[in-house]
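Below: the structure, in structure tokens.
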Amino acid sequence: MRQCGVCGTQAGENTRFCPTCGSEMRSELESVDAGEDAPYESAERVKFCTQCGAVLDPGNRFCGACGAGVWEGARSAIPSGHSFLDDPVTMSTLCHLSAFASFFMPLGNIVGPLVIWLLRKDVLPSVDKHGKAALNFNISIAIYAAIGMAVSVALMLVVIGFLLIFVVIAVVFVLWLVATVIASVKAGNGEFWDYPLSIRFLR
């Protein structure tokens, strides 16, 4: 018998890759107890995928619908030995919440999500997805704001330009604020929300 060194699934001697998680299989002599070394190994599995909501069969470590890794630890307490940086839900939520860095620094709404995305995109697939969505939306918002301001300045030759510039700022800010809050709440619930009016610079 051969055993997966990641999830512990057992299979025949001729099996090279785990049918549960896709990792390389080991012989029984090479097998190790994943225990605390595998993220969320000891936690209870969720019944629904945190990424797409598909129902999971008992014992599933990866969603059959979208391929995302799913553990109860991703939604509740983080197992000992792991920090919040290993929690896909927390880091996905931070991809969106970090946009509020714009209150403290210029272009913080782009820099914040960019830092989180670059930090964990290669480790947590959900962060790659949420990070790209947050970046696409915030870059789009910056472009819309720039266009609106340019049009407003051009119209300042007439009185309406002064009024329009405040309308543009208010509309863009409200859209950005509401969309960012909704995306953050959805991510905190293990869901993905597609931003409206977002240009897909990153796919």
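Numbers here simply count residues along the sequence, with the first being 1.
Relative to the ring axis of F192, K186 does not place its NZ or CZ within 45° and under 6.0 Å from the centre.
Under the 4.5 Å side-chain heavy-atom criterion for Ile, Leu, Val, Met, Phe, Trp and Tyr, V111 and F104 are members of distinct hydrophobic clusters. There is a path of hydrophobic side-chain contacts, each under 4.5 Å, that joins L124 to L119. Under a hydrophobic-cluster definition in which Ile, Leu, Val, Met, Phe, Trp and Tyr are linked whenever side-chain heavy atoms come within less than 4.5 Å, directly or via other members, W193 and I139 are assigned to the same cluster. Put simply, L202 and V115 are part of two different groups of oily side chains (I, L, V, M, F, W, Y) that touch within less than 4.5 Å, one to the next. A continuous path of hydrophobic side-chain contacts links F103 to I141 [ILVMFWY only; heavy atoms under 4.5 Å].
Residues L135 and W117 form a side-chain contact, since some pair of their non-hydrogen atoms from C-beta on lies under 4.5 Å apart. Within the 4.5 Å cutoff, side-chain heavy atoms of Y195 are placed close to those of H96. Counting heavy atoms from C-beta on, the side chains of H130 and V89 never come closer than 4.5 Å. At a threshold of 4.5 Å between non-hydrogen side-chain atoms, the residues P88 and V127 do not count as touching.
V123 pairs by the side-chain contact (heavy atoms from CB on, under 4.5 Å) definition with R120, not counting sequence neighbours.
N109 places no side-chain N or O within donor-acceptor distance of the main-chain N or O of S102, the cut-off being under 3.5 Å. With hydrogens and angles ignored, the 3.5 Å screen pairs a side-chain donor or acceptor of T93 with a backbone N or O of G188. Checked by atom type and distance alone, the side chain of S140 pairs as donor or acceptor with a backbone atom of I199 at under 3.5 Å. Of the possible donor and acceptor atoms, one in the side chain of S98 sits under 3.5 Å from a partner among the backbone N and O of C95.
A distance of 11.5 Å separates CD1 in I147 from OG in S152, rounded to the nearest 0.5 Å. The distance from the CG atom of N136 to the CG atom of L197 is 13.0 Å, given to the nearest 0.5 Å. Put simply, CE on M91 and CG on D128 are 13.0 Å apart, with the number rounded to the nearest 0.5 Å.
Minimum interatomic distance between I116 and L94 (heavy atoms only, all atoms of both residues): CG1-O, 4.1 Å.
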**Message:** Under the criterion side-chain contact (heavy atoms from CB on, under 4.5 Å), I'd like the reasoning laid out for R203 against K132: C-alpha separation, chi angles, the key distance, then a yes or no.
**Reply:** CA-CA 7 Å; R203 297 181 181 274; K132 287 178 180 177; 5.9 Å; no
What donor-acceptor contacts under 3.5 angstrom involve side-chain atoms of residues 171-184, with partners at least two apart or in another chain?
residue: W176; atom: NE1; partner: N138; partner atom: OD1; Å: 2.8
residue: T180; atom: OG1; partner: W176; partner atom: O; Å: 2.7
residue: S184; atom: OG; partner: T180; partner atom: O; Å: 2.8

